[in-house]
Amino acid sequence: MSAMTYRPGVYSSYTVTPSYTGAREALPVGIVGRLGLDGDQPVLIRRGDTLTGGTLAATAARLLFGAGLQEFWACPVAEGADAAAYTAALEALGEAGEVALIAIEDSAADTLTAAAVFAEARSQAQRETLVFAGCAGNVTTAAQLAKGVDHPRVVLCHGAAVPAGESQGAAFWGAVALAAAVAVLEDPGISLTGAELPGLTKVTGATYAQVEGLLAAGVTPLYPSGAGVEAVRVLTTSTTQDGSPNRSFSPINSVLIIDYVMKALRRSLAALLKGARSSRQTLSAVASQITVLLGEFADRGIITGYQTPRVYCLADAPEVCVAEVAFTAAYLINQIHIRAQIQL
């Protein structure tokens, strides 16, 4: 260290290293709709690419890049595309890239059902996916749509949102902006309740009194907030389990936390496979790795507790190591009730 001055005093220097690297940590996003792109195959659009002005792809790019993403996948469909066309586009998009969040333009009941089937199949194949759609107009119709799909991997927002620089609003822009906001979350446990969505200036949607009914139905209402638009509360359409009322998977953060933890466990344990043998040392290493990781998640508040993992090899298939894991995902608080006892 060399002295830069002879004046008495206390001096310091430091380097700031961000713990969150923004778009490099973002979940990959895809969009499907009448995007104004050539062809009918998925394309990867990167920041700086030239897009035809006035197209849905160009407006979506402004929303997604404005939120901090560096790239996104897009798959166009033809005018009047039905559920089968959207299914084909979703499957093509899923094969082209590892998309985790997909915004679709169409919100017809059969399209949402097809999207739920697609997202469920992807997630069962350990390629966890959430689908976002938007609807505008009648709130009763929106509630019926959500109740019809009733799936933890489909998010339906309500309101005709207007992006910056545009004069006309559309439900699709709310879905795109919501997907963008989820994609760049620093932590899966961070609530988007009341958060201003990137790139939107206003929205025409439910009245204050109608918001409650939408939330009860599993719809995410978009609402004006100052000079922008906020999501009152971000929900999946899941409101029942096995036919009984159950909102465990209703908050989107519940799904995001589960996906985040399971992906992290798979990545962490994959490194142990190379040269692993069916031995006590290997089983102990797997258990230790899981315990350390779950402990970190508990310290960060992503999970609230976990049990000691049980690790063993199958007797009839000794090449298969089974790790039984149990943890409790954090449930976000979105209300505070004050109960006061007042004396006069």
Side-chain angles (χ1 to χ4, degrees), residues 21-52 55-108 110-134 149 151-155 172-173 175-185 199 255-256 259-260 262-263 266-267 270:
T21 54
R24 286 181 292 176
E25 299 293 335
L27 294 173
V29 174
I31 59 173
V32 178
R34 301 163 300 166
L35 305 177
L37 300 172
D38 294 332
D40 58 357
Q41 295 300 308
V43 294
L44 181 62
I45 299 175
R46 295 185 173 89
R47 184 184 292 272
D49 288 351
T50 301
L51 297 171
T52 303
T55 61
L56 266 66
T59 303
R62 291 204 304 273
L63 289 172
L64 295 170
F65 293 150
L69 291 167
Q70 298 299 316
E71 61 185 25
F72 66 94
W73 284 93
C75 189
V77 294
E79 188 77 29
D82 58 8
Y86 269 87
T87 298
L90 287 169
E91 291 176 349
L93 197 63
E95 290 302 317
E98 284 301 320
V99 288
L101 312 173
I102 303 177
I104 59 175
E105 184 186 7
D106 186 36
S107 61
D110 53 352
T111 301
L112 292 179
T113 300
V117 172
F118 165 80
E120 180 65 25
R122 289 264 299 181
S123 300
Q124 290 294 331
Q126 300 185 359
R127 304 171 74 185
E128 290 85 354
T129 305
L130 282 162
V131 177
F132 296 77
V149 65
H151 199 279
R153 295 199 170 274
V154 176
V155 177
F172 182 47
W173 303 135
V176 173
L178 191 57
V182 172
V184 298
L185 280 179
V255 180
L256 293 174
D259 288 354
Y260 180 82
M262 296 310 297
K263 288 178 183 177
R266 293 200 300 264
R267 286 195 302 266

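Thr87 is linked by a side chain to side chain donor-acceptor pair (under 3.5 Å) to nothing, counting only residues two or more places apart in sequence or in another chain. Qualifying side-chain contact (heavy atoms from CB on, under 4.5 Å) partners for Val43, counting only residues two or more places apart in sequence or in other chains: Leu37, Ile45, Ala74. Listed by chain and residue number, Leu51, Thr55 satisfy the side-chain contact (heavy atoms from CB on, under 4.5 Å) test with Ala58 (two or more places apart in sequence, or in another chain). Shown here are the side-chain contact (heavy atoms from CB on, under 4.5 Å) partners of Ala88, two or more places apart in sequence or in another chain: there are none. Residues satisfying the salt bridge (charged side-chain N to carboxylate O under 4.0 Å, His left out) criterion with Arg47, sequence neighbours excluded, are absent altogether. Qualifying salt bridge (charged side-chain N to carboxylate O under 4.0 Å, His left out) partners for Arg266, counting only residues two or more places apart in sequence or in other chains: Glu128. Applying the side chain to side chain donor-acceptor pair (under 3.5 Å) test to Thr59 and every residue at least two apart in sequence or in another chain returns Glu166. Every side-chain contact (heavy atoms from CB on, under 4.5 Å) that Ala96 has, sequence neighbours left out, goes to Pro42, Trp73. For Glu91, there are no salt bridge (charged side-chain N to carboxylate O under 4.0 Å, His left out) partners two or more places apart in sequence or in a different chain.
Across all their heavy atoms, Asp49 and Leu44 have their closest contact at OD2-O, 4.0 Å. In this structure, Ala179 and Phe132 approach most closely via the heavy-atom pair CB-CD1, 3.9 Å. Heavy atoms only, all atoms of each residue included: Val184 and Ala26 are closest at CG1-CB, 4.1 Å. Considering every non-hydrogen atom in both Val255 and Leu130, the closest pair reads CG1-CD2, 4.1 Å. Closest of all the heavy-atom pairs between Leu90 and Ala115 is CD1-CA, 4.0 Å. Of all heavy-atom pairs between Leu93 and Gly30, the closest is CD2-CA, 4.0 Å.
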Let's go through Ile102 and Val29 carefully: what are the C-alpha distance in whole Å and the side-chain angles of both, what is the deciding distance for side chain to side chain contact (heavy atoms under 4.5 Å, CB included) to 0.1 Å, and is it a yes or a no? CA-CA 6 Å; Ile102 303 177; Val29 174; over 6 Å; no
Checking side chain to side chain contact (heavy atoms under 4.5 Å, CB included) for the pair Val131/Ile104: CA distance, chi angles, key distance, verdict? CA-CA 7 Å; Val131 177; Ile104 59 175; 4.0 Å; yes
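Listed by first and then second residue, the salt bridge (Lys or Arg N to Asp or Glu O under 4.0 Å) pairs that reach into residues 114-123 come to none, sequence neighbours excluded. Among pairs with a residue in residues 65-76, those fulfilling salt bridge (Lys or Arg N to Asp or Glu O under 4.0 Å) read Arg46-Glu71, at least two apart in sequence or across chains. Applying the salt bridge (Lys or Arg N to Asp or Glu O under 4.0 Å) rule to pairs touching residues 27-41 yields Arg34-Glu79, Arg34-Glu105, sequence neighbours excluded.
Looking only at side-chain heavy atoms (C-beta outward), Val176 and Phe172 come within less than 4.5 Å of each other. Using a 4.5 Å heavy-atom cutoff, the side chains of Ile31 and Leu64 are in contact. For the pair Val77/Val32, a side-chain contact is recorded, criterion being any heavy-atom separation below 4.5 Å from C-beta on.
The CG atom of Leu69 sits 9.0 Å away from the CG atom of Leu101 when rounded to the nearest 0.5 Å. Interatomic distance, Leu27 CG to Leu256 CG, rounded to the nearest 0.5 Å: 7.5 Å. Taken from OH in Tyr86 to OG1 in Thr111, the straight-line distance is 7.0 Å, to the nearest 0.5 Å.
With hydrogens and angles disregarded, a donor-acceptor distance shorter than 3.5 Å links the side chain of Arg127 to the backbone of Gly94.
Taking the six-membered ring wherever Trp is involved, the centroid distance between the rings of Phe72 and Phe65 falls below 6.0 Å.
With 3.5 Å as the limit, one finds a donor-acceptor pair spanning the side chains of Arg153 and Ser123.
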